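Notes for the one structure printed next.
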Amino acid sequence: MRVAVIGAAGRMGKVLIEAIDGTEGVQLGAAIVEPGSSLVGADAGEMSGIGKTGVRMAGALADVKDDFDVLVDFTFPDLTLENAEFCKANRKMLVVGTTGMTEAEKQQLALAAESTPVVFAPNMSVGVNVALNLLRSAAATLGDDYDVEIIEAHHRHKKDAPSGTALRMGEVVADALGRNLKECAVYGREGFTGERTRKEIGFETIRAGDVVGDHTVLFATEGERIEITHKASSRMTFAKGAMRAALWLKDKPAGLYDMQDVLSLK
Ligand SMILES: NC(=O)C1=CN([C@@H]2O[C@H](COP(=O)(O)OP(=O)(O)OC[C@H]3O[C@@H](n4cnc5c(N)ncnc54)[C@H](OP(=O)(O)O)[C@@H]3O)[C@@H](O)[C@H]2O)C=CC1
Ligand SMILES: O=C(O)C1=N[C@H](C(=O)O)C[C@H](O)C1
């Protein structure tokens, strides 16, 4: 399967190129960087540190239209939606790791997925996806007696908050408790907030240094607390997940899938 990576010079882009090199069944078909970037024309492998691949980086997806079967996109919402339209028009499969989308943007992606197969997940690591199932089960068993708080930490360059993973964790827990996250989420408390309400789900965000991605969901009641934590120590865990998603998409009908589908965790 020929894979294209857009945002190739980004933090995830470079690691994705490395992951393609180490994964059987996939090969780097194309790498796309920002139009006008000084990297256009440079070798994608040399840029990412794995050595020459013979794949020269392009400044636009249209320039490499015939060179790939699946696009892997870890960029930002506007660009991802543009790319989804391109994939829809050109019959390309799509793996999306981009976070920070609004509800309307997610719906736009879902619309594109009606015409082409798309895997979209805020976290492609196996560990986080297993943790989502642990959270579902813990929340359903503990019920409303336990306060739920979600704490996440990421590197100083991250642009969206809370992380897509934290929000997905919140959705899973809220769903298991019969709540709507939109109605019960409380983000970053400050000032005279009054006592915590029983049903709120709190989110706290830390941005510092080079943290790859830490997530903790805390369930606390009188006398005890449970913490379910996932810590990513390398972006390779996300990139390997993206490769699993790309391979899984082969021969799938159009539709919007997530990593729980890819990993048979549903
Ligand atoms: N689902 C998952 O498992 C994971 C998701 N993510 C998500 O992935 C996204 C990207 O994260 P990260 O790699 O850290 O971000 P980066 O900012 O490092 O990467 C994005 C890259 O896209 C480039 N870019 C900008 N415009 C274009 C364009 N028109 N065409 C091609 N490339 C372009 C940027 O270039 P420039 O810097 O020059 O603007 C940058 O190199 C985020 O939403 C993050 O939350 C991250 C890790 C795991
Ligand atoms: O921006 C990142 O780096 C990450 N983003 C994802 C998110 O927002 O959940 C996943 C991972 O934690 C790294």
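For reference, positions follow the sequence shown, starting with 1. Just so it is clear, the model here is predicted, and its values are computed rather than measured. Whatever order the structure lists ligands and atoms in, that order sets their numbers, starting from 1.
Here's the thing with G164: one of its N/O atoms is less than 3.5 angstrom from an N/O atom of ligand 2. Backbone and side-chain nitrogen or oxygen atoms of F238 are examined, and none is located within less than 3.5 angstrom of a nitrogen or oxygen of ligand 1. Where the criterion is an N or O separation shorter than 3.5 Å, residue side chain and backbone included, K158 meets it with respect to ligand 2. Any N or O atom pair closer than 3.5 Å counts here, and S125 shares no such pair with ligand 1. The shortest N or O to N or O distance between R235 and ligand 2 is not below 3.5 Å.
Scanning R168, H154, M124, H230 for the heavy atom closest to atom 4 (C) of ligand 2 points to H154.
Atom 35 (O) of ligand 1 has E34 OE1, 3.6 Å as its closest protein atom, hydrogens excluded (heavy atom only). The protein heavy-atom contact nearest to atom 20 (C) of ligand 1 is F74 O, 4.1 Å. Looking from atom 45 (O) of ligand 1 to the surrounding protein, the closest heavy atom is T99 OG1, 2.5 Å.
Near P35, meaning under 4.0 Å from one of its heavy atoms, ligand 1 places the atoms 28 (C), 29 (N). Listed by number with element, the atoms of ligand 1 under 4.0 angstrom from any heavy atom of M12 are 13 (O), 46 (C), 47 (C).
When distances from atom 37 (O) of ligand 1 to the protein are checked, no heavy atom turns up under 4.0 Å. Less than 4.0 angstrom separates atom 27 (C) of ligand 1 from at least one non-hydrogen atom of the protein.
Residue contacts with ligand 1 for A121 involve N, CA, C or O but no side-chain atom from C-beta outward (heavy atoms, distance under 4.0 Å).
Ion pairing of R179 with E171 is absent here, as no side-chain N (NZ or NE/NH1/NH2) approaches a carboxylate O to less than 4.0 Å.
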* side chain to side chain contact (heavy atoms under 4.5 Å, CB included) between R235 and K240: does it pass, once the steps are laid out? -> CA-CA 9 Å; R235 289 187 175 83; K240 281 186 177 163; over 6 Å; no
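No heavy atom of G164 sits closer than 4.0 Å to any atom of ligand 1. Heavy-atom separations between K158 and ligand 1 include at least one value shorter than 4.0 Å.
The side-chain tip of K92 points at the ring of F68 from less than 6.0 angstrom away and within 45° of straight on.
More than 12 heavy-atom neighbours from other residues, nucleotides or ligands sit within 6.0 angstrom of NZ on K266.
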